[in-house]
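Quick caveat, the model's predicted, so the values are computed rather than measured. The first residue of the sequence shown is numbered 1, and numbering continues consecutively from there.
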Amino acid sequence: MMKVTNYISEAFEELRTNVTWPEWAEVQRLTIVVAVFSVLCSLATWGVDQGFTKLLSAFFSVVK
């Protein structure tokens with residue numbers, strides 16, 4: 001248990017002293033970029049899904 005406590009303590013010390021944190025404005029800008037990219041990826045996935053759905057529906061209506 002002492003090793004875990006020591007590990008957590010050292011990890012927090014490492015985060016506090018050796019990590020360079022970005023500025024708030026940069027965090028906001030990057031968050032917007034990630035949000036926009038996520039929306040675009042989800043729309044692309046939805047579009048591909050809809051295309052395959054229509055393609056398979058057309059295929060099975062011909063085969064039926």
**Study point:** Verdict with supporting geometry, W24 and V27, side-chain contact (heavy atoms from CB on, under 4.5 Å)
**Key:** CA-CA 5 Å; W24 179 244; V27 171; 4.3 Å; yes

Point to revise | From E26 atom CD to R29 atom CZ, the distance as rounded to the nearest 0.5 Å | key: 5.5 Å

Check your understanding: Do the side chains of M2 and Y7 join up, straight or via other hydrophobic residues, at under 4.5 Å, putting them in one cluster?
Key -> no

**Study point:** The single option from V34, V39, L40 passing side-chain contact (heavy atoms from CB on, under 4.5 Å) against V36
**Key:** L40

Point to revise | V4 with F12, same ILVMFWY side-chain cluster at under 4.5 Å | key: yes

Check your understanding: Would you say L30 and F37 are hydrophobically clustered, going by side-chain heavy atoms of ILVMFWY under 4.5 Å?
Key -> no

Revision key, fill the gap. Rounded to the nearest 0.5 angstrom, the CD-OG1 distance for Q28 and T31 is 7.5 Å

Practice item. Return yes when atom CD of E23 has more than 12 non-hydrogen atoms of other residues, nucleotides or ligands closer than 6.0 Å, and no otherwise. Key: no

Check your understanding: Who passes side chain to side chain donor-acceptor pair (under 3.5 Å) against D49, sequence neighbours left out?
Key -> none

**Study point:** Donor-acceptor under 3.5 Å (S61 side chain, S57 main chain)
**Key:** yes

Review point. Can F52 be reached from F60 by stepping across I, L, V, M, F, W or Y side chains whose heavy atoms are under 4.5 Å apart?
Key: no

